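As structure tokens, the structure follows; a few thoughts come after it.
Computed from a prediction, not measured in an experiment: that's the story for all the values here. Only this structure's heavy atoms are used, side chains among them; waters, hydrogens and symmetry mates stay out.
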Amino acid sequence: MEFDTIAAISTPMGEGAIAIVRLTGDEALSIIDKIYKGPSGKKLSEAASHTIHYGHLVDPKTEKIIEEVMVSVMRAPKTFTREDVVEINCHGGLVSVKKVLNLVLANGARLADPGEFTKRAFLNGRIDLSQAEAVMDLIRAKTDRAMNVALNQMEGRLSKLIQRLRQEILETLAHVEVNIDYPEYDDVEEMTHHMLIEKATFVRNELQKLLQTAEQGKILREGISTVIVGRPNVGKSSLLNSFVQENKAIVTDIPGTTRDVIEEYVNVRGVPLRLVDTAGIRETEDIVERIGVEKSRAVLKEADLILLVLNYAEELSAEDENIFAAARGMDVIVIVNKTDLPQKIDLNRVKELAGSAPVVTTSLLEDRGVDELEEAISALFFAGELEASDLTYVSNTRHIALITQALNTIDDAITAIENGVPVDLVQIDLTRSWELLGEIIGDTVSESLIDQLFSQFCLGK
């Protein structure tokens with residue numbers, strides 16, 4: 001079953017100009033021969049590789065024309081899966097694309113599992129596991145920066161670094177083995193404790209560099225959970241609407257308008273934010289509003305970034321100070337909104353409460369201060385570090401965990417060497433590091449993990 005011929009719709013379902021049904025496997029060309037008829041009358045199995053052909057799909061049982069199509073033929077091994085691949089381009093309506101898929105399945109193909117095309121590319125050696133995971137990161141990228149990180153990983157930048165470090169460890173292990181098994185050989189340099197520390201320290205430093213990019217990489221991949229908090233009627237919903245650039249949230253002068261949590265994904269200067277507008281935090285007798293306030297307090301605790309909004313035209317209240325207290329120790333940007341109105345707030349007290357957190361003044365009504373706010377968000381998390389194009393970023397949670405474990409075992413090896421532990425015992429930790437790094441690219445990974453990872457892909461990819 002692993003390498004039978006599979007098929008799936010590879011474009012989103014819905015109305016559109018074009019839809020694609022993709023086949024891959026040894027029988028892909030023989031299946032298309034059964035159902036395709038072109039002007040020349042030739043079979044597509046006789047066509048040259050990487051060519052596209054106009055014609056019709058015909059049900060062989062009824063001789064009825066099913067669709068007008070353009071069919072691409074790509075022969076192994078120069079394809080994504082390293083198998084024969086056929087892509088049927090048809091009209092993008094719901095009915096037409098389903099008819100094409102059903103015709104393909106009725107003539108010998110099996111419906112692909114989620115991610116099975118990419119899984120085959122991995123199993124056939126076309127890409128490694130980290131590159132396969134980057135395919136889904138690329139599809140899900142919300143910003144240009146996130147897309148660039150995924151592209152670099154898909155093209156093998158992380159893989160090459162991991163392979164280089166594994167090779168360094170492997171050569172060290174081989175050297176140790178030769179010293180142990182053939183101590184009488186004079187022409188083999190002895191692997192001293194000093195040489196072991198030098199090799200292990202090099203690997204450790206490279207892994208530490210990778211982990212230094214992990215926070216930014218993970219932010220790009222998953223987004224920053226950002227919560228907008230403040231008392232009612234300070235401009236929280238206006239701030240959400242400003243980021244989204246449409247009226248997602250109701251804005252009125254009546255306090256307590258927002259009674260539930262509103263979520264939206266936005267891109268702020270390359271920083272992906274999972275933006276949450278909350279109900280204004282205050283004491284209230286309204287049961288529905290009170291539930292919204294409790295939800296606001298709950299999401300506040302889980303946020304990566306808090307946008308704390310104050311009213312320039314009102315004095316600081318005990319509720320404002322309570323919100324500052326609840327956000328203490330977290331990443332906060334303080335926004336003093338409504339500067340188009342006469343000032344009543346004590347800005348010195350605001351800065352005192354904010355401490356090291358940035359304070360930005362805005363008038364969302366007049367669209368003032370938004371650029372400064374966006375700059376503060378970008379600087380808080382990236383500070384220009386992601387502009388370095390020569391760095392390799394690690395963004396996948398699984399990769400980060402494995403690199404952290406590999407770093408810990410390298411540290412254990414270095415500690416053992418410094419304590420005079422025999423080299424044949426030190427190689428146990430080095431071997432474990434080599435195995436952990438192999439799990440990133442799929443060299444030492446279990447079949448069950450492979451199945452789990454690819455099951456998260458979309459159907460047809």
Side-chain angles (χ1 to χ4, degrees), residues 1-127 131-132 135-136 138-139 154 454 457-461:
M1 181 180 174
E2 193 73 72
F3 291 100
D4 54 355
T5 299
I6 58 174
I9 301 168
S10 291
T11 45
M13 293 298 290
E15 293 185 1
I18 299 292
I20 297 175
V21 175
R22 177 191 286 173
L23 297 86
T24 186
D26 293 340
E27 302 298 318
L29 289 171
S30 63
I31 290 171
I32 197 66
D33 277 347
K34 294 178 187 178
I35 59 177
Y36 170 82
K37 284 190 177 180
S40 66
K42 289 185 178 179
K43 293 182 176 181
L44 290 182
S45 57
E46 300 171 1
S49 182
H50 293 78
T51 55
I52 190 165
H53 306 268
Y54 169 78
H56 293 88
L57 295 188
V58 178
D59 187 335
K61 293 179 180 178
T62 64
E63 294 296 320
K64 180 182 177 182
I65 291 177
I66 301 299
E67 245 287 38
E68 182 183 33
V69 294
M70 297 286 288
V71 181
S72 300
V73 174
M74 293 165 276
R75 298 180 184 277
K78 293 184 178 181
T79 67
F80 179 62
T81 60
R82 284 194 171 164
E83 303 171 335
D84 288 342
V85 173
V86 172
E87 290 189 350
I88 303 169
N89 295 257
C90 62
H91 295 96
L94 287 167
V95 175
S96 59
V97 71
K98 283 186 177 180
K99 275 195 167 188
V100 170
L101 177 62
N102 289 337
L103 183 64
V104 169
L105 297 178
N107 283 276
R110 169 176 65 81
L111 183 64
D113 293 329
E116 193 168 0
F117 289 89
T118 308
K119 182 179 180 181
R120 290 199 177 188
F122 164 67
L123 293 174
N124 290 327
R126 169 71 171 73
I127 54 177
Q131 290 173 296
V135 171
M136 187 50 64
L138 184 64
I139 293 169
M154 199 169 73
F454 285 105
F457 280 49
C458 50
L459 194 65
K461 189 57 187 173

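Not counting sequence neighbours, P77 has no partner by the side chain to side chain contact (heavy atoms under 4.5 Å, CB included) test. Scanning for salt bridge (charged side-chain N to carboxylate O under 4.0 Å, His left out) contacts around K37 gives E63, with sequence neighbours left out. Residues passing the salt bridge (charged side-chain N to carboxylate O under 4.0 Å, His left out) test with E15: none are found, sequence neighbours excluded. Applying the side-chain hydrogen bond (donor to acceptor under 3.5 Å, both in side chains) test to T81 and every residue at least two apart in sequence or in another chain returns T24. D59 is linked by a side chain to side chain contact (heavy atoms under 4.5 Å, CB included) to K61, T62, I66, L103, counting only residues two or more places apart in sequence or in another chain. The side chain to side chain contact (heavy atoms under 4.5 Å, CB included) search around A19 returns T11, C90, V97, not counting sequence neighbours. Looking at residues two or more places apart in sequence or on another chain, you find no side-chain hydrogen bond (donor to acceptor under 3.5 Å, both in side chains) involving Q131. For S49, the side-chain hydrogen bond (donor to acceptor under 3.5 Å, both in side chains) criterion is met by no residue, not counting sequence neighbours. Annotation: side chain to side chain contact (heavy atoms under 4.5 Å, CB included) contacts of L138 (sequence neighbours excluded): M147, A150, L151, M154.
Pairs of residues two or more places apart, or lying in two chains, that qualify as side chain to side chain donor-acceptor pair (under 3.5 Å) and include a residue from residues 65-77 are Y54-E68, E67-H91. Among residues at least two apart or in separate chains, side chain to side chain donor-acceptor pair (under 3.5 Å) pairs with a member in residues 38-47 are D33-S45. For residues 87-100, the salt bridge (Lys or Arg N to Asp or Glu O under 4.0 Å) pairs, not counting sequence neighbours, are R22-E87.
Heavy-atom minimum distance, I65 versus H56: CG2-CD2, 3.9 Å.
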